[in-house]
Amino acid sequence: MSTDQYSFADPVTRYDRIAPPEETQPEPGLDRDLSPLADHGEESYRGSGRLAGRRALITGGDSGIGAAAAIAFAREGADVAISYLPEEEPDAQRIVALIEQAGRKALALPGDLKDPGYCRSIVEQTVGEFGGLDILVNNGGKQVTQEAVTDISDEQFDHTLKTNVYAMFWITKAAVPHMPPGSTIINTTSIEAYQPSPTLIDYATTKAAINNFTKGLAQQLAPRGIRVNAVAPGPIWTPLQPSHGQPMEKLTSFGQSKPLGRAGQPAELAPAYVFLASAESSYVAGATLSVTGGEPTP
Ligand code: NAD
Ligand code: MG
């Protein structure tokens, strides 16, 4: 392996500036059908035992940012369970194979995060299969752009809140009793928590809520030795975006207005999740790690 996440490189040109064609996928979208394809670190992520023996559950672990975290966690020595929607099976099977190629156990958990029973069951299945749980990544999310608040159906609002906020609550509530001191919870928020796009009212609301939940829960769980943190990505090239996540004019120049001049790749998020999951971040709790291509955050 010649290039890995430690290779010295100009961040502007490390990845191509993408200019996607006008493309639309039905929700939730597949990594398999992205044009151009995204990088999840398949060829580049090099592990060094930073999560040896850990047991992780990642929602939305089939594709995008969650898939990059899943590959990295496995290469760092963790067993990894991934949750995803049944229609994402092809993406999920690809990630399961990569986890297993890293010599770790993989657990595939298809289902719907809007269902509280499913949210509780994925925690129980992970604990049952791996003999415990000490890393939880609440990363699954729904993002559907709408021009006007009057275009957002009550059903969309409900589904966005359920997927992004309620599921995080249900899964966290089920997971915490199983988590020993040293465990970590990482929630995926967004630059949208601070700079809401006018066309993502419902989604941005959930991302502010996730950030707030993270900072409150972190204080509550710190005395028990469980650290809770968040990652705030900027524009990252994933199936979320062409499956009605962006207006077409924003999609075709995705990420180009950021200081680094390009969209980020899922692989560039993985080290942030590894850092927050591992013991090396032992004094970091209630933090939001921004990975925004230079866009300022508070
Ligand atoms: P993605 O589409 O690869 O991942 C989102 C995942 O959410 C899907 O793979 C799917 O498995 C899961 N999901 C959605 N609805 C679900 C449901 N009802 N039941 C079960 N699973 C469901 O896209 P991504 O961009 O990697 O998204 C991961 C996280 O990153 C999301 O929380 C998203 O809001 C956040 N985020 C993404 C960006 C970006 O630019 N891509 C920026 C900021 C934050
Ligand atoms: Mg997916």
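Just so it is clear, the model here is predicted, and its values are computed rather than measured. Each residue takes its place number in the sequence, starting with 1. In listed order, ligands and their atoms are each counted from 1.
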Would you please determine whether [X] falls within less than 4.0 Å of ligand 1 on a heavy-atom basis?
{"X": "A67", "result": "no"}
{"X": "K142", "result": "no"}
{"X": "G29", "result": "no"}
{"X": "T59", "result": "no"}
{"X": "E88", "result": "yes"}

task = Measure up the F169 and F213 rings against each other and bin them: parallel (under 30°), tilted (30 to 60°), perpendicular (over 60°).
result = perpendicular
Which ligand 1 atoms, with their elements, are less than 4.0 angstrom from a heavy-atom of [X]?
{"X": "P239", "answer": "3 (O)"}
{"X": "G111", "answer": "19 (N), 20 (C)"}
{"X": "Y84", "answer": "11 (O)"}
{"X": "G234", "answer": "38 (C), 39 (C), 40 (O), 42 (C), 43 (C)"}
{"X": "G64", "answer": "3 (O), 26 (O)"}
{"X": "T189", "answer": "43 (C), 44 (C)"}
{"X": "D112", "answer": "17 (C), 18 (N), 19 (N)"}
{"X": "G140", "answer": "7 (O), 12 (C), 32 (O)"}

Proximity of [X] to ligand 1 by residue part, where a heavy atom lies under 4.0 Å:
{"X": "L240", "value": "both"}
{"X": "P235", "value": "backbone"}
{"X": "Y203", "value": "side chain"}
{"X": "K207", "value": "side chain"}
{"X": "L113", "value": "both"}
{"X": "I191", "value": "neither"}
{"X": "T163", "value": "side chain"}
{"X": "H159", "value": "neither"}

Which atom names give the shortest non-hydrogen contact between [X] and [Y], and what distance separates them?
{"X": "A287", "Y": "T214", "value": "O-CG2, 4.5 Å"}
{"X": "A218", "Y": "A285", "value": "CB-C, 4.1 Å"}
{"X": "S282", "Y": "R227", "value": "O-CD, 3.2 Å"}

key: Closest D62 atom to the Mg ion (ligand 2) [N, O or S only]   = OD2
task = Could you check which N/O/S atom of E88 is closest to the Mg ion (ligand 2)?
result =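 The closest N, O or S atom of E88 to the Mg ion (ligand 2) is OE2.
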query = With a cut-off of 2.8 Å, does any N, O or S atom of S63 fall short of it relative to the Mg ion (ligand 2)?
reply = yes
query = Run the side-chain contact (heavy atoms from CB on, under 4.5 Å) check on E22 and L251 step by step: do they pass?
reply = CA-CA 7 Å; E22 293 195 0; L251 188 79; over 6 Å; no
In terms of residue, atom name and distance, what is the protein heavy atom nearest to [atom]?
{"atom": "atom 1 (P) of ligand 1", "result": "S63 OG, 3.5 Å"}
{"atom": "atom 32 (O) of ligand 1", "result": "N139 O, 2.7 Å"}
{"atom": "atom 30 (O) of ligand 1", "result": "T188 CG2, 3.2 Å"}
{"atom": "atom 16 (C) of ligand 1", "result": "L85 CD1, 3.6 Å"}
{"atom": "atom 26 (O) of ligand 1", "result": "I65 N, 2.7 Å"}
{"atom": "atom 23 (O) of ligand 1", "result": "T238 OG1, 3.2 Å"}
{"atom": "atom 6 (C) of ligand 1", "result": "G60 CA, 3.7 Å"}
{"atom": "atom 7 (O) of ligand 1", "result": "G141 N, 3.0 Å"}

So, [X] and [Y]: side-chain donor and acceptor under 3.5 Å apart, yes or no?
{"X": "N229", "Y": "S281", "answer": "no"}
{"X": "S83", "Y": "Y118", "answer": "yes"}
{"X": "S278", "Y": "E280", "answer": "yes"}

Thinking salt bridges, do [X] and [Y] make one under a 4.0 Å N-O criterion?
{"X": "E76", "Y": "R54", "answer": "no"}
{"X": "R104", "Y": "D79", "answer": "yes"}
{"X": "R94", "Y": "E42", "answer": "yes"}
{"X": "D91", "Y": "R32", "answer": "no"}

request  = Take N139 and Y273 through the test side-chain contact (heavy atoms from CB on, under 4.5 Å) and record every step on the way to the result.
outcome  = CA-CA 11 Å; N139 167 78; Y273 288 83; 4.0 Å; yes
Just distances here: any N/O of [X] and N/O of ligand 1 closer than 3.5 Å?
{"X": "I236", "result": "yes"}
{"X": "D62", "result": "yes"}
{"X": "G66", "result": "no"}

Looking at [X] and [Y], would you say the former's side chain and the latter's main chain have a donor-acceptor pair under 3.5 Å?
{"X": "Q256", "Y": "I18", "result": "yes"}
{"X": "W237", "Y": "F254", "result": "no"}
{"X": "R55", "Y": "T126", "result": "no"}

key: side-chain hydrogen bond (donor to acceptor under 3.5 Å, both in side chains), paired with Q241, selected from E23, Q25, Q246   =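 Testing Q241 for a side-chain hydrogen bond (donor to acceptor under 3.5 Å, both in side chains) against E23, Q25, Q246 leaves exactly one candidate, Q246.
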message = Any heavy-atom pair between the side chains of I122 and T59 that's under 4.5 Å?
response = yes
inquiry  = Is there a side-chain contact between E87 and L30 in this structure, where contact means two heavy atoms from C-beta onward sitting under 4.5 Å apart?
reply    =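 Counting from C-beta outward, E87 and L30 never come under 4.5 Å.
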key: Hydrophobic cluster membership, F130 vs I186, 4.5 Å side-chain cutoff   =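 In one cluster with F130: I186, no.
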